[in-house]
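Okay, structure first, notes after.
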Protein chains: 2
Amino acid sequence: MFTWGVNAGTMPRMSKKPRKNIVVIGGGTGTFTILSGLKRYPVDLTAIVAMSDSGGSTGMLRDELGVLPPGDVVRCLVALSESDTLMRKLMDYRFDSGNLKGHRFGNLLLSALEKTAGSFDEAVEKASEILRLDGRVIPVTLDKVNLMAQVGTDIIRGEEQIQMAKLNGSLKHIWLEPVGRANPKALKALRDADAIIIGPGNFYASLVPNLLVRKIPETILKSKAEKIFVCNLMTKVEHTKDYTVADYTAAIEKYLGGPVDTVIYNNTTPDASVLKRYAREGDTLTSWKDLPKGRKLVGADLVAKRMVRMASKIGTPAVESSLVRHDSARLAATVAKILNIKPKR
Amino acid sequence: MFTWGVNAGTMPRMSKKPRKNIVVIGGGTGTFTILSGLKRYPVDLTAIVAMSDSGGSTGMLRDELGVLPPGDVVRCLVALSESDTLMRKLMDYRFDSGNLKGHRFGNLLLSALEKTAGSFDEAVEKASEILRLDGRVIPVTLDKVNLMAQVGTDIIRGEEQIQMAKLNGSLKHIWLEPVGRANPKALKALRDADAIIIGPGNFYASLVPNLLVRKIPETILKSKAEKIFVCNLMTKVEHTKDYTVADYTAAIEKYLGGPVDTVIYNNTTPDASVLKRYAREGDTLTSWKDLPKGRKLVGADLVAKRMVRMASKIGTPAVESSLVRHDSARLAATVAKILNIKPKR
C-alpha cells in the first residue's frame with residue numbers, strides 16, 4: 001500500500017503532480033470528521049491540534065502524570081491511521097472498571113510514550129509510526145498551557161470550566177497561561193500549506209485555543225494558502241447565542257487578526273425532531289440568513305443524516321443520533337470542490 | 001531485515017536447511033533471559049508461558065478487569081521483539097503516580113487488546129504483530145486459572161500467596177483451579193519441537209504451573225524433541241531448601257511424569273559477597289555434588305557476572321546486582337552446543 005506522511009522520506013512518489021498540502025486546525029470531534037473525509041482524497045493532510053484540553057481521561061493524565069494533553073492528538077492520529085480496525089478500536093478502548101476506569105487506551109499510549117521517549121513531540125512521531133499514519137498530527141504548542149478566561153470580573157481556569165461557563169456578552173478576555181509558543185513544525189506546516197482549514201470544531205474549546213498560541217495567527221495570515229473557515233452548525237447558548245454565519249466568521253477573524261478567504265456553511269435545516277433536544281438548552285441551528293461580506297461563500301447541506309462513527313464509537317455499530325454533526329463525506333467533498341481536487345481512484 | 005514468526009507466511013526462507021524449533025517453557029525473568037540469548041541463534045523460538053501469575057500489575061488487572069494475566073506473556077514478547085529500543089522501553093514503562101501507579105504499559109496493552117479483540121489469544125497475536133516478533137509466545141492455557149496449594153492442612157490460593165508460603169516438607173498437593181485445559185497451540189508447538197527447554201525459572205511460580213495444565217506433561221514426554229531441564233541456580237529456603245541438581249531434577253520430573261533427556265546446571269561458585277545476601281535468608285547456591293543418574297549432564301559457568309538487562313530494566317543502564325541470575329549469552333551458548341547450532345553470522 002502507498003503510504004505518505006511519516007514514510008515520505010523512504011517511499012517513492014507515485015504521481016508526478018505534487019499533492020496539495022492541506023492543514024486542518026482544530027482538535028476535537030469536528031477535526032476527526034473532516035480528516036476522515038479528506039483522507040479519501042489524494043492530498044497531504046496535516047492536523048494542527050489545540051493543547052488546552054483539561055477534561056476527562058486527558059485531564060486525569062495531565063493532573064496525575066504531568067503530561068501534555070493526549071486526547072485530541074490521539075483522535076487525529078486515529079483519523080489518519082492506515083492501521084486495521086482492531087488497532088483503531090484499541091486506541092479508542094476505554095477501561096470501564098477499577099483504577100483504570102475512564103482512561104482511554106490511546107491516551108495512555110501517548111502519555112507512556114511521552115514518558116519513555118522524553119518528549120511529547122517524539123511521542124507523537126512514534127505513535128504516528130505505530131499507527132501507520134497517512135498524514136501528520138502536530139500539537140500547536142509543546143508548552144503546558146491552560147486556557148484562561150476573564151468573564152465579567154471572574155477569572156476561569158481550564159478548558160473544562162470555560163466550556164461550562166456563560167461567556168455570552170461577558171467574556172472580556174481569553175488567553176493561554178503560560179503563553180503558548182508555537183511548535184515550529186506547526187509554523188512550517190502553515191507556511192507550506194496550499195489550504196488552511198479552521199474548523200469544524202467547538203468554538204472556544206477547539207478553534208480559538210489554536211489561535212491564542214503566539215505566532216500562529218500571523219503565520220496563517222501570511223501563508224500563501226487559501227484560508228477556509230468551516231462555520232459551526234449550531235450555536236451554543238452560553239458561548240455563541242444566536243450567532244449567524246456572519247457572526248461566527250467575524251468572531252474567528254477577531255482571533256485570527258484578519259480575514260479568511262472562504263467560508264463553508266451549512267444551508268439546510270435538519271428534521272425538527274433533531275433540533276428539539278438543542279432547543280431545550282437554548283441552542284439553535286446557525287442561521288445563514290446573515291452571511292459575511294467580501295468572502296467566498298460556499299453553502300451546502302452539511303448535516304450528517306446519521307451520526308458518523310466518531311473516534312469514541314469506532315467498532316460499535318453506527319447509531320442514529322440526535323446530535324447535529326458535520327457529514328464527513330459531504331464536508332470533504334465541499335472542500336475538494338473549492339480546491340479542485342478529485343477523489344482517489 | 002529478515003523476520004520470522006508471525007510473518008513466516010509472507011517471508012521467503014533464506015536458508016535451505018530448516019531452522020530448529022526450540023520451545024522454552026516458563027514465564028518469568030528466567031524465560032526472558034534464555035529467549036534473549038537464544039534469539040542470537042538461527043532458530044525458531046516459541047515460549048510457552050504460565051498463566052497463574054496473580055501479583056503486582058498483573059494481579060491488579062486480573063482483579064479489576066477480569067482479564068487473563070498479561071505480565072509474563074508481555075515479558076516474553078519483549079524478549080522476542082525486533083522493535084526498536086523505544087518500543088521495548090514503552091512496553092516496560094511503569095506508571096509511577098496517580099491511579100495508574102504500578103501498572104506496566106505492556107500489561108495495559110495486552111489487557112486492552114484482550115478487551116477489544118475479544119480473546120487473549122487474538123490479543124497475543126496482535127501484540128506480536130505490533131512488536132514485530134521473531135518467534136512466538138503461547139499462553140499455556142486460556143482458562144482463568146489460579147494456582148492452589150495444600151500445605152499441611154491449609155489451602156493456599158494464588159501464586160503470590162504460594163510464593164510467600166513455606167512449602168518445604170509440608171506441600172501435600174499443588175494444582176490449578178479450575179483445571180487448566182492446554183492451549184491447542186501449545187500442544188502443537190510441543191509436538192513440532194526439536195528441543196523443549198524447561199526453565200530457567202522460579203520453580204513453583206514459573207515452571208510447575210505449566211506442567212499442571214492438562215495434557216502438557218504427556219505431550220512433552222511423547223514429543224520427539226530433546227527434553228532439557230535448566231536447573232535453578234539457587235535454592236529457596238521456603239520451597240527448595242538444600243536442593244541439589246539431582247533434587248531439582250527429580251522434582252521437575254515428578255510433575256512431568258517422566259524423565260528429561262538433558263540437565264543443564266551451573267558448576268561455578270560466584271563471589272562470596274554475592275551469596276551473602278541469600279545466605280541471610282537461608283537461600284544457597286544449588287549444589288552440583290549430587291547429580292541425577294542416567295541423564296545427559298551439561299555443567300557450565302552460568303552465573304551472570306553482571307545483572308542482565310531484564311525486561312523490567314530495559315533502557316536503564318545495566319547495573320551490577322547482587323542477584324544470582326543466569327547469564328543470557330552463556331546459557332544460550334550451552335543450549336546451542338547441545339543442539340549443535342551455530343550463531344547467526
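Per chain, numbering begins at 1; letters A, B, ... match sequence-line order.
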For each of Leu65(A), Leu90(A), Asp63(A), tally heavy-atom pairs with chain B at distances under 4.5 Å, and name the one with the top tally. Leu90(A)
Got a second to check how far Leu142(B)'s CG is from Met51(B)'s CE, nearest 0.5 Å? 6.5 Å
So which residue, Ile130(B), Leu108(B), Asp96(B), ends up with the most heavy-atom pairs under 4.5 Å with chain A? Leu108(B)
Top contributor to chain A contacts, counting heavy-atom pairs under 4.5 Å, from Ala112(B), Ser97(B), Ser111(B): Ala112(B)
Structural part of Leu100(B) lying under 4.5 Å from a heavy atom of chain A: both
Leu61(A) versus chain B, heavy atoms under 4.5 Å apart: side chain, backbone, both or neither? side chain
Under a 3.5 Å cutoff, is there a donor and acceptor pairing between the side chains of Ser54(A) and Arg62(A)? no
To the nearest 0.5 Å, tell me how far Tyr204(A) OH sits from Leu147(A) CG. 10.5 Å
Pair count under 4.5 Å, heavy atoms only, with chain B: among Lys101(A), Glu122(A), Met87(A), highest is Met87(A)
Are Glu125(A) and Lys185(A) ion-paired here, with the side-chain N under 4.0 Å from a carboxylate O? yes
Chain B shares the most heavy-atom pairs under 4.5 Å, among Ser83(A), Gly98(A), Gly66(A), with Gly98(A)
Backbone N/O of Ala123(B) and side chain of Asp121(B): donor-acceptor pair under 3.5 Å: no
Do you know which of Val24(B), Ile138(B), Val137(B), Leu35(B) makes side-chain contact (heavy atoms from CB on, under 4.5 Å) with Thr46(B)? Ile138(B)
Examine whether an atom of Asp84(B) lies under 4.5 Å from a heavy atom of chain A, and if so say whether it belongs to the side chain, the backbone or both; otherwise answer neither. side chain
